[in-house]
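Notes to accompany the following structure.
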Amino acid sequence: MDYNFRDIEQKWQKRWADNKTYHVTEDPNRPKYYVLNMFPYPSGAGLHVGHPLGYIASDIYARYKRQCGFNVLNPMGYDAYGLPAEQYAIQTGQHPAITTQKNIARYREQLDKIGFCFDWDREVRTCEPGYYHWTQWAFQKMFGSYYDNAAKKAMPIEKLIEQFNANGTEGINAACSEELSFTAAEWKAMDRKQQSDVLMNYRIAYLGETMVNWCAGLGTVLANDEVVEGVSVRGGFPVEQKKMRQWCLRISAYSQRLLDGLDTIDWTDSLKETQRNWIGRSEGTEMVFHVKDSDVQFTIFTTRADTIFGVTFMVLAPESELVAQLTTADQKAQVDEYITAVKKRTERERIADRKVTGVFSGSYAINPLTGDAIPVWISDYVLAGYGTGAIMAVPAHDSRDYAFAKHFGLPIIPLIEGADVSESSYDAKEGIMMNSANAELNLNGLTVKESIAATKKYVTEKGIGRVKVNYRLRDAIFSRQRYWGEPFPVYYDNGIPCMIPEECLPLELPEISDYKPTETGEPPLGHAVKWAFDTVNKQVVEKSLIDNKTVFPIELYTMPGFAGSSAYYLRYMDPQNNKGLVSKEADAYWQCVDLYLGGSEHATGHLIYSRFWNKFLKDIEVSKVEEPFAKLINQGMIQGRSNFVYRIKDTNTFVSLGLKEQYDTTPIHVDVNIVSNDVLDVEAFKAWRPEYNNAEFILENGKYVCGWAVEKMSKSMFNVVNPDVIIEKYGADTLRMYEMFLGPIEQAKPWDTNGIDGCHRFLRKLWNMYFDKEGNLAVVDAEPTKDELKSLHKLIKKVTEDIQNFSYNTSVSAFMICVNELSALKCRNRQVLETLVKLIAPFTPHLSEELWEMLGNSTTVCDAQWPSFNEEYLKEDSITYSISFNGKTRFTMDFPAEATQQEIQDAVLANEKAQGYIDGKTIRKVIVVPKKIVNIVL
RNA sequence: GCCCGAAUGGUGGAAUGGUAGACACGAGGGACUUAAAAUCCCUUGACCUUUACCGGUUGUACGGGUUCGAGUCCCGUUUCGGGCACCA
């Protein structure tokens with residue numbers, strides 16, 4: 001009987017769908033396991049063969065866990081908001097919802113063919129009102145919260161207001177944009193707008209002024225890569241650095257928790273390290289410097305408090321508010337000129353072109369330890385957004401300060417013994433201090449480490465400064481001037497942002513006629529005038545308590561891509577719930593994702609935002625756990641394997657790879673789908689493109705051999721392989737096996753269709769084991785033989801271990817070895833063959849179900865209990881040891897399996913003596929390697 | 001520049017410090033076949049030796065080291081990949 005994978009796969013996919021085989025419900029009597037893939041953005045190109053890699057890997061794990069008795073949640077959905085659909089809409093006028101809908105249908109069709117155990121009843125789409133309801137809701141909760149540094153959690157903003165009413169800012173320890181100080185009386189005296197502004201300083205979702213690339217000509221904010229030499233790539237309009245009001249999320253408040261949480265989760269070290277770098281915790285000292293002949297003082301941040309005696313100048317960021325205060329009249333012209341020049345440069349240009357620039361402010365600061373007056377400069381190598389936007393410069397021990405000092409001829413004072421600073425600075429944090437003493441503090445002779453501690457202690461006691469931890473993590477900018485995203489549930493009352501009442505959510509995205517910005521420079525939602533009116537005045541004003549009949553402007557920004565993907569794993573737990581994001585019961589049952597699979601490209605995006613979002617939801621008691629993803633595996637990218645033909649220059653003649661050195665050739669990408677084992681299908685090539693109709697070929701051995709290279713899988717390289725094509729030719733089970741066989745999941749590897757035959761042959765061979773020549777099921781009921789049991793239990797052990805370690809590639813090999821062994825044994829034993837079906841079921845579900853049914857089972861194999869192995873069967877009767885002298889093997893000896901190492905050693909030595917091999921030699925050591933080698937060291 | 005990871009046949013890749021190259025592809029040879037496909041068998045790191053068998057040397061990017069024994073551990077170097085990048 002032939003292995004008719006097409007019929008088998010269709011049959012089972014239909015049956016699974018009809019019976020809702022993979023539908024899961026919360027079941028307190030069974031342990032849960034939550035497997036999750038990062039959900040895809042449904043692009044117009046459809047899935048290529050690289051996309052399902054992670055889905056297959058997690059599907060195998062989900063199926064394995066299910067067979068182990070777990071109640072497994074394995075959902076799938078779509079990250080449906082995104083730029084490509086919107087760009088397409090601008091070009092064609094096609095509504096992004098329609099494009100997205102189409103793409104999702106295509107994705108679903110492709111996914112269904114692979115045989116996943118997804119519970120499609122739990123599908124989510126970020127662009128559906130029922131889903132983004134809860135994205136908007138979470139945003140509102142963030143708006144209504146502040147972060148209490150002492151309690152280390154988010155609290156309702158009302159609590160803060162209470163405190164303001166009672167004591168002003170006295171005793172407040174909250175995360176904020178800038179430190180404020182006012183009394184209760186002052187608070188009460190503020191009007192609504194002023195109070196709103198003050199609260200913005202504390203809210204977790206807040207409107208803040210941030211630096212953006214603003215392009216007036218296009219009426220939008222641009223990303224850095226959309227700007228070159230101060231003009232927009234598209235249109236060539238001038239672009240300036242501008243502070244703009246944007247919605248932000250105070251993710252920085254969670255820096256420490258985001259950092260600490262990393263120690264509690266099972267992610268790869270490299271990914272954790274990337275997140276640690278991104279959060280960028282740095283422990284240092286803040287010190288206050290007074291300005292000479294002035295009341296002004298300012299604070300700097302340094303991690304090298306020990307170098308305070310080597311400060312020879314100070315530097316302010318150009319954007320710093322201190323610049324205006326410290327610039328003296330006679331320097332003003334120069335400073336203004338410098339600031340203007342800096343403003344024109346984009347972030348990108350500053351990084352690309354690192355020539356030293358700066359200007360003297362005219363002021364001097366007083367070194368609090370030496371009393372020296374030191375010049376204050378302004379330079380763009382100091383960033384406004386980090387620390388205090390001002391630094392103390394120690395050119396001897398900081399390379400950037402050194403470059404600046406050399407350029408402007410400022411003094412350099414070495415502070416570490418033996419450090420040669422004539423050519424470059426000495427940045428290392430080691431050595432013995434010198435030149436570092438005043439009447440009260442003497443660092444000379446101490447190590448750098450000791451000096452930092454001593455200086456911290458000193459400045460703290462003297463009130464000059466304090467110990468401070470800084471984080472590089474910035475608050476997330478949360479608004480976009482785009483159409484295809486979640487609308488903000490916000491309207492403005494006399495400039496004060498107000499939340500649309502919760503009962504009016506979701507605020508639905510309106511239809512608009514034009515996806516470009518409006519003529520007045522507003523985001524695309526500005527076209528939806530009627531929507532704004534209806535929403536705010538009918539839905540909001542009439543339904544809510546707001547007693548006003550004027551038209552309120554509504555927020556026209558939309559949310560960024562990461563908004564919808566930040567809590568989707570919670571929504572899968574309870575996707576239809578219209579009372580809340582997730583019910584207490586569902587959350588309590590599923591808790592967190594046990595296994596999360598996705599690409600490492602999300603290390604500093606989605607995986608940070610999501611962790612932050614979850615921590616916030618935990619603070620407001622929606623989610624139960626601190627960390628959403630207990631274990632994370634980054635699947636490696638599947639790269640493309642491109643093929644080339646070699647055209648002889650200025651001809652239409654193509655030369656085979658082996659002969660191309662004899663000609664002057666140009667390599668040309670050729671569609672990998674008309675190449676097999678690097679041999680070109682010449683006729684298909686001629687038909688591929690009109691210009692190749694008359695192509696001629698110089699062959700080798702009658703074949704045209706193509707060159708190849710590993711590149712990114714992309715249309716332009718003609719190396720995209722569609723899973724549908726593979727499935728049509730080999731079946732989904734072969735595809736699943738082969739994707740796993742390619743190599744370790746975490747590793748990037750090229751897709752090479754050439755190897756797939758091996759996996760397909762294996763499945764056919766496996767299939768044929770169950771049937772005789774006439775095609776009848778040919779299993780016999782009998783006690784398995786010892787050899788059969790040994791082979792089988794070796795496999796159970798290996799596969800069980802491999803699945804737990806996610807080394808599926810070696811599992812596939814183990815299956816191949818076992819099937820070869822069983823074939824050699826002519827195994828027809830029902831018990832053995834049935835167990836084999838269970839073992840391979842996670843990898844090849846369709847084939848397994850079919851065999852399982854043929855073997856007379858009425859249940860599905862996906863519920864069949866995972867077999868356990870018995871060490872007894874794995875035991876050998878005797879074990880062959882290699883006997884070697886000084887590592888060189890001489891001969892072998894057999895020993896009973898239960899022989900101890902001592903017995904083996906004694907027996908070997910007795911044999912040596914009897915044979916006379918070791919007469920007159922000194923034996924230094926005898927090493928018995930378990931089950932392998934006896935090495936006699938002379 | 002800083003941090004992290006990797007390097008094994010023609011290819012993808014195996015190998016708790018213990019006989020390197022499992023398994024698979026490709027290639028070569030053979031069987032079956034009118035032929036092809038399919039299937040099955042043998043060979044396949046390099047080099048040397050031999051009519052053949054048997055055998056030997058060498059070999060996991062490079063140079064050292066630890067060890068009876070190193071692809072694996074340690075030190076240094078090179079190359080490639082990834083992340084961060086004026087973060088004071």
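Because the structure is predicted, anything quoted here is derived from the model rather than measured. Naming: A, B, ... by sequence-line order, numbering from 1 per chain.
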Kindly say whether the aromatic ring centers of A:Phe313 and A:Phe404 come within a distance under 6.0 Å.
yes

Measuring only the C1' atom in each nucleotide, how far is B:C23 from B:A31? A whole number of Å is fine.
25 Å

When all nucleic acid strands are considered with a 4.0 Å heavy-atom cut-off, which category describes A:Ile391: base, sugar-phosphate, or nothing?
base

Pi-cation contact, A:Trp267 with A:Arg611 (under 6.0 Å, within 45°)
yes

What is the distance, rounded to the nearest whole Å, between atom NZ of A:Lys797 and atom C1' of B:U16?
11 Å

Check whether any side-chain nitrogen or oxygen of A:Tyr381 sits under 4.0 Å from OP1 or OP2 of B:A88, and answer yes or no.
no

When rounded to whole Å, the CG to P distance for the pair A:Asn677 and B:A24 reads 17 Å

Write down the distance between CD (A:Gln747) and C1' (B:G13), rounded to a whole number of angstrom.
8 Å

In terms of the angle between their ring planes, are A:Tyr386 and A:Phe301 parallel, tilted or perpendicular, with boundaries placed at 30° and 60°?
perpendicular

For A:His760, run the ring-ring contact (aromatic ring centres under 6.0 Å, His included) check against A:Tyr738, A:Phe741, A:Tyr730 and tell me which one passes.
A:Tyr730

Quick one: label A:Asn470 by what it contacts on the DNA or RNA (base, sugar-phosphate, nothing), any heavy atom closer than 4.0 Å.
nothing

If you look at every strand shown and take non-hydrogen atoms under 4.0 Å, does A:Asn634 touch a base, only sugar-phosphate, or nothing?
nothing

Rounding to a whole Å, what distance do you find between A:Met314:CE and B:A88:C1'?
11 Å

Whole-Å gap separating C1' (B:C3) and NZ (A:Lys272):
17 Å

Is it the case that B:C68 (base atoms only) and A:Asn935 (side chain only) share a donor and an acceptor within less than 3.5 Å, ignoring hydrogens and angles?
yes

It should be established whether A:Arg761 places a side-chain nitrogen or oxygen under 4.0 Å from OP1 or OP2 of nucleotide B:C25.
yes

